Amino acid sequence: MYKYHCLNPISEVGLAQLDENYVVTGNADEADAILVRSAKMHDMEFSRNLKAIARAGAGVNNIPLERCADEGIVVFNTPGANANGVKELVIAGMLLAARDIIGGINWVQEYEEDGDIAKITEKKKKAFAGTELQGKKLGVIGLGAIGVRVANVAVHLGMDVYGYDPYVSVDAAWNLSRSIHHAKTVDELYKECDYITIHVPALDDTKGMIDKNAISLMKDGVVILNLARDVLVNQEDIVDALVSGKVRSYVTDFPTKEIVGVKNAIVIPHLGASTEESEDNCAKMAAAELRDFLENGNITHSVNYPDCNMGVKGDGERITILHKNIPNMLGQFTTLLAGENMNIALMTNKSKKEYAYTMIDVDSEVSADLEEQLTSVDGVLKVRVIR
Ligand SMILES: NC(=O)C1=CN([C@@H]2O[C@H](COP(=O)(O)OP(=O)(O)OC[C@H]3O[C@@H](n4cnc5c(N)ncnc54)[C@H](O)[C@@H]3O)[C@@H](O)[C@H]2O)C=CC1
Ligand SMILES: O=C(O)CCC(=O)C(=O)O
């Protein structure tokens, strides 16, 4: 029986996949796995029993990835599972910036009781007129699951689209419409585009990437959209640019004390992934990843350990070892198994940066003593025997 804990509400459709072998617990300390959306986990202490954290979503900047890796906790996310939800909100954001739809709707509500509203409307509506998206240039920074979808749909809206992503994956490149211009530098995109939307993770080299220097390269009256993370855009600099009129509108999914209430800032309360479909997709993928890891030891879509798959566990026992990616680990494991006269039926080892994972199927029972010896090997972070 495995225990899981939810730090945020997780869609029931996903949790339903955790069958009778799973039970929810309100106590994170006794959980084998944690499911989370945006709850901040940096200050949490993790119990030795915790084996995995699944982020039902894409961004993992709320989780201390390296500390988890050092404590032998595998962190998963759900790539692409909420990308369509975010894409649709980006398009809505562009439309809200192009015309004063929000101002117009608010104005109508003020006249709720007025019998002459139809007549006044025709007189006043010019105050809320705007422009169309067709024919405008859109720059997409980050061509991952969301960026590619935004770029492709913008092409269908008649926009001239520029994409910038120095690390674009082969899959993403295949999915990208051929009519999208490849910006070789982000500065080129800044200089060309009327609308700029950012879809990169919050990393050391992306935090604050849209600052006063970047904005100074952009066209006067540019619209910037940030449905990725607040920290990607320097808050003081964007406020200054809105006040001066250099930036016509800033659409963001991240309310901060600096941006809320600033004229021409369209601030959404982090709703990008808040659709039934995205919530279900993320929860289903997260639950499937956790099950496969807890029951078979397989790792899919981890952000701090390598992906590794030996299929469904058979009748024999499976040893899984999370360890540092340093020389002679496999030699030490196989020597310890040989010392117990154990036959290895199947073995896989994968590494990712400083961390590695070894899975070993054996034909006989793993003793507590062998488990202890494997755990004591220098560089081993966690050993688990799936029986
Ligand atoms: N508002 C919301 O509710 C949501 C926000 N997000 C945010 O959006 C981000 C992107 O999500 P996905 O597209 O699903 O992730 P993804 O991992 O599929 O794509 C990210 C892309 O950014 C690119 N990239 C990384 N560093 C870059 C740089 N310096 N310059 C240009 N490109 C760079 C990567 O190569 C990758 O192609 C997430 O990390 C998350 O922070 C994601 C989902 C929901
Ligand atoms: O779970 C959510 O609502 C937030 C989604 C998000 O920001 C992400 O997936 O990165």
Side-chain angles (χ1 to χ4, degrees), residues 6-11 14 35-41 53-63 65 75-93 139-153 162-176 180 182-190 196-211 214 225-233 251-255 266-286 301-303:
C6 297
L7 284 177
N8 296 106
I10 304 289
S11 148
L35 287 120
V36 62
R37 283 178 64 174
S38 298
K40 298 212 173 353
M41 301 184 75
I53 296 170
R55 194 316 185 196
V60 284
N61 57 320
N62 55 325
I63 306 171
L65 301 182
V75 181
F76 299 88
N77 74 347
T78 60
N82 56 20
N84 193 64
V86 182
K87 174 200 82 181
E88 291 189 3
L89 198 61
V90 172
I91 303 304
V140 182
I141 305 171
L143 295 166
I146 299 170
V148 166
R149 283 171 170 82
V150 169
N152 288 347
V153 80
Y162 289 68
Y164 171 75
D165 187 335
Y167 320 107
V168 67
S169 72
V170 174
D171 267 359
W174 272 109
N175 287 327
L176 204 57
I180 288 158
H182 174 190
K184 304 261 185 332
T185 66
V186 74
D187 288 1
E188 182 188 333
L189 182 150
Y190 290 152
I196 294 175
T197 185
I198 185 161
H199 301 287
V200 302
L203 304 170
D204 287 344
D205 70 329
T206 57
K207 285 183 188 164
M209 75 183 274
I210 298 197
D211 60 3
L225 298 106
N226 173 15
L227 282 81
R229 284 294 177 267
D230 53 357
V231 289
L232 301 172
V233 175
V251 182
T252 179
D253 209 10
F254 302 95
I266 298 175
V267 188
I268 303 165
H270 200 179
L271 292 179
S274 294
T275 62
E276 250 175 65
E277 295 86 344
S278 285
E279 291 182 2
D280 289 354
N281 285 343
C282 288
K284 280 194 275 187
M285 199 187 284
H301 299 147
S302 171
V303 288

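Because the structure is a prediction, the values reported are computed rather than measured. Counting starts at 1 for both ligands and their atoms, in listed order.
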Short list, please: which atoms of ligand 1 are under 4.0 Å from a heavy atom of A273?
-> 3 (O)
With heavy atoms only and a cut-off of under 4.0 Å, state how E279 meets ligand 2: side chain, backbone, both or neither.
-> neither
Closest heavy-atom pair, I91 versus V153, reported as atoms and distance to 0.1 Å, is CD1-CG1, 3.2 Å
Measure N8 to ligand 2 on non-hydrogen atoms and call it side chain, backbone, both or neither using the 4.0 Å cut-off.
-> neither
Short list, please: which atoms of ligand 1 are under 4.0 Å from a heavy atom of V86?
-> 4 (C), 43 (C), 44 (C)
Going by the atom numbers of ligand 1, which of them fall below 4.0 Å from some non-hydrogen atom of D253?
-> 1 (N), 2 (C), 3 (O)
Per-residue contact class, A58 against ligand 1 - non-hydrogen pairs under 4.0 Å = side chain
Min N/O separation A273 to ligand 2 under 3.5 Å | no
Of N77, T78, L35, N61, the one forming a side-chain contact (heavy atoms from CB on, under 4.5 Å) with R55 is N77
State which residues pass ring-ring contact (aromatic ring centres under 6.0 Å, His included) with H182; sequence neighbours excluded, sorted by chain then number.
-> none
To atom 9 (C) of ligand 1, the nearest of V200, D205, I268 on a heavy-atom basis is V200
Would you mind finding which of H270, H199, M209 brings a heavy atom closest to atom 21 (C) of ligand 1?
-> H199
Between I146 and ligand 1, does any nitrogen or oxygen pair lie at a separation below 3.5 Å?
-> yes
Which residue owns the protein heavy atom closest to atom 9 (O) of ligand 2, what's the atom, and how far is it?
-> A58 N, 2.6 Å
Find all atoms of ligand 1 within a distance of less than 4.0 Å from any non-hydrogen atom belonging to P201, and give their numbers and elements.
-> 20 (C), 22 (O), 25 (C), 39 (O)
A student comparing N62, T78, D165 should find that the heavy atom closest to atom 34 (C) of ligand 1 comes from D165
Per-atom contacts of ligand 1 with A228, taking only distances under 4.0 Å to non-hydrogen atoms | 5 (C), 7 (C), 8 (O), 40 (C), 41 (O)
Does any N or O in the side chain of N8 come within less than 3.5 Å of the main-chain N or O of V36, such that one atom is a donor and the other an acceptor?
-> no
Would you check if the side chain of S302 reaches a backbone N or O of F76 as a donor-acceptor pair within less than 3.5 Å?
-> no
Closest non-hydrogen atoms of A283 and A56, given as atom of the first, atom of the second and distance, are N-CB, 4.4 Å
Looking only at protein heavy atoms, what sits closest to atom 29 (N) of ligand 1 is T206 CG2, 3.5 Å
Numbered atoms and elements of ligand 1 in range of P166, under 4.0 angstrom, heavy atoms | 30 (N), 31 (C), 32 (N)
What protein heavy atom sits nearest atom 5 (C) of ligand 1, and how far off is it?
-> L227 O, 3.2 Å
Atom 7 (O) of ligand 2: which protein heavy atom is closest, and how many Å away?
-> H270 NE2, 2.8 Å
Under 3.5 Å: donor-acceptor pair, side chain of N82, backbone of A273 = no
Against heavy atoms of L143, which atoms of ligand 1 measure under 4.0 Å?
-> 37 (O)
Filtering G57, G144, A145 for the heavy atom nearest atom 14 (O) of ligand 1 leaves A145
Can you tell me which residue and heavy atom of the protein come closest to atom 3 (O) of ligand 2, and the distance to 0.1 Å?
-> R37 NH2, 2.7 Å
Those atoms of ligand 1 less than 4.0 Å from some heavy atom in Y164 | 30 (N), 31 (C)
Of the protein's non-hydrogen atoms, which lies at the shortest distance from atom 8 (C) of ligand 2, and what is that distance?
-> R55 NH2, 3.2 Å
Return yes if a side-chain donor-acceptor contact under 3.5 Å exists between N84 and K87, otherwise no.
-> yes
Using distance alone, decide if ligand 2 has a nitrogen or oxygen within less than 3.5 Å of any nitrogen or oxygen in S274.
-> no
Quick one: do the S38 and N62 side chains pair a donor with an acceptor below 3.5 Å?
-> no
Donor-acceptor contact below 3.5 Å, side chain D230 vs main chain F254 | no
